[in-house]
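Working notes, beginning with the structure itself.
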Protein chains: 2
Amino acid sequence: MKITEITQWLTDKKLKVTPQRVAILEAIICLNNHPTADAIVEYIRDKNPNIAVATVYKVLDVLVENGLIHKVKTEIGLMRYEAASENHHHIYCSDSDRIDDYFDEELNQLLDSYFRNKRIPGFDIENIKLQIIGKYNTNH
Amino acid sequence: MKITEITQWLTDKKLKVTPQRVAILEAIICLNNHPTADAIVEYIRDKNPNIAVATVYKVLDVLVENGLIHKVKTEIGLMRYEAASENHHHIYCSDSDRIDDYFDEELNQLLDSYFRNKRIPGFDIENIKLQIIGKYNTNH
DNA sequence: ATTATTGCAAAGACTTTGCAACTCC
DNA sequence: GGAGTTGCAAAGTCTTTGCAATAAT
C-alpha cells in the first residue's frame, strides 16, 4: 500500500495529513484483519514508538466520521476497525475471534431487490449487513 | 409474562431458580427493547433494591451460555440483551440507539436456499443475521 | 498565523474477579 | 448438606477527556 495513496484519501476528505493518521490507516490496511485499537497501537509502535493510545482512538474516530474506515461490531463489546471498501459482509467464526470479509455481489443484488419489493413500513433502509456465523471446517 | 413460565425455562435448562434470575429474565422480556445490563439493573431495583450489578452480569452470562437470551452487538461497544426467540434480524436506527426486531420468515427461507446453493468454501454456516441500518421516516 | 492534532495522565464507562455468606435442590 | 449463587468491593479492560505543547496548511 503506497503512502501517497493514503495521503490522498486524507486530503480528499480535507483532513490534515499527519504521520499518525497515515500510520493508523496503513496499519488497518496491512493488518487486514479487523484489528482492535490495541492491535493497531502494537503494529504502529514498531515505527512510531511514541504514539499515544488516546491519539489512536481520536484518529479512529475522525476516520470513522469521515467514512475512511468502519467499525465492526463484535460479540464481546470490543470495537474493531476495517478500511472502508465495497459493501461487504462478515463471517464470524463462532469458536475464535476471527472475522473475515465476505464479498458477494449476487447476494447484494438479491437483498436489494428483496427489500425494494418488501419495504419496512416507516423505515428507510440505508444499508444491510450480514453476519454469517459458523465454523471453519478445514485447517485455516 | 407469567413467572411460572420463566421458572420453567430455568428448570428446563437445569439451572437453579433464584429470584435474581427470574427478575432478570422478566426485565429483559418486559423491557423488550434490547436493554443494556444497566437498564436491567434499573428496572429490577424497584422490586429488588439490593441486587448487585455484578450479579446481573453473572446471571446474564449464564443465561447467554444456556441460550435463554442473546447478546446484541451495538456500534458503540455496549452489550445489549434480548430474550431468545425465533430467528430474527435487527433494525438499527442510524440516528439513535434504538434497535428493533425484524421477523421475516420469507427472508429467512430466501437466505437459506441461497446459501444452500452457494456454499462458502471451508465454512459451515450456523446462523445468519441481518443488520438493517437506516432511519425511521415517521414519528415513532 | 491559525487552527487542528498530538501526547500525557487522569478520569470514565462498562465488565469481571475473588471470596465469604447465603440459597436452592 | 453440598454445590451453586449472591453481594460487595476491588480490580480490570477498553475508551474518553482536558489541556499544554506541537505540527500542519
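Labels below follow one simple rule: chain letters A, B, ... track the order of the sequence lines, proteins then strands, and each chain is numbered from 1.
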Are side-chain heavy atoms of [X] and [Y] found at a separation under 4.5 Å?
X: B/Lys58; Y: B/Gln20; answer: no
X: A/Leu63; Y: A/Trp9; answer: no
X: A/Tyr43; Y: A/Cys30; answer: yes
X: A/Tyr114; Y: B/Glu106; answer: yes

Axis-to-axis angle for the helix from C/dA1-D/dT25 to C/dC25-D/dG1, ends of five pairs each, to 10°, equals 50°
Return the value, rounded to whole Å, for the distance between atom [atom1] of [X] and atom [atom2] of [N].
X: A/Asp97; N: D/dC14; atom1: CG; atom2: P; answer: 12 Å
X: B/Ile51; N: D/dT6; atom1: CD1; atom2: P; answer: 8 Å
X: A/Arg21; N: C/dG7; atom1: CZ; atom2: P; answer: 12 Å
X: A/Leu10; N: C/dT5; atom1: CG; atom2: P; answer: 11 Å

What parts of residues 31-48 of chain B reach DNA chain D, counting only heavy atoms under 4.0 Å away?
none
Does anything in residues 54-66 of chain A come within less than 4.0 Å of DNA chain D? Heavy atoms only, and list the residues if so.
A/Ala54, A/Tyr57, A/Lys58
Output all residues satisfying salt bridge (charged side-chain N to carboxylate O under 4.0 Å, His left out) with B/Arg119, sequence neighbours left out; order by chain, then residue number.
none
Sequence neighbours excluded, the answer for salt bridge (charged side-chain N to carboxylate O under 4.0 Å, His left out) partners of B/Asp38 is none
Using a 6.0 Å cut-off, check whether atom [atom1] of [X] has over 12 heavy atoms from anything other than its own residue.
X: A/Glu105; atom1: CD; answer: yes
X: A/Lys14; atom1: NZ; answer: no
X: B/Lys135; atom1: NZ; answer: yes

OP1, OP2 of C/dG7 versus side-chain N and O of A/Gln20: anything below 4.0 Å?
yes
How far does CZ of A/Arg80 sit from CD1 of A/Ile69, to the nearest 0.5 angstrom?
13.5 Å
Just say parallel, tilted or perpendicular for the rings of A/Tyr102 and B/Phe115, cut-offs at 30° and 60°.
tilted
N/O donor-acceptor pair under 3.5 Å between A/Asn48 side chain and A/Ile44 backbone
no
Could you run down the sub-3.5 Å N/O contacts of the protein with nucleotides 22-25 of chain D?
| residue | atom | partner | partner atom | Å |
| --- | --- | --- | --- | --- |
| D/dT25 | OP1 | A/Val17 | N | 3.1 |

Chi angles and distances behind the side-chain hydrogen bond (donor to acceptor under 3.5 Å, both in side chains) call for A/His34, A/Glu82:
CA-CA 5 Å; A/His34 312 83; A/Glu82 67 180 1; 3.2 Å; yes
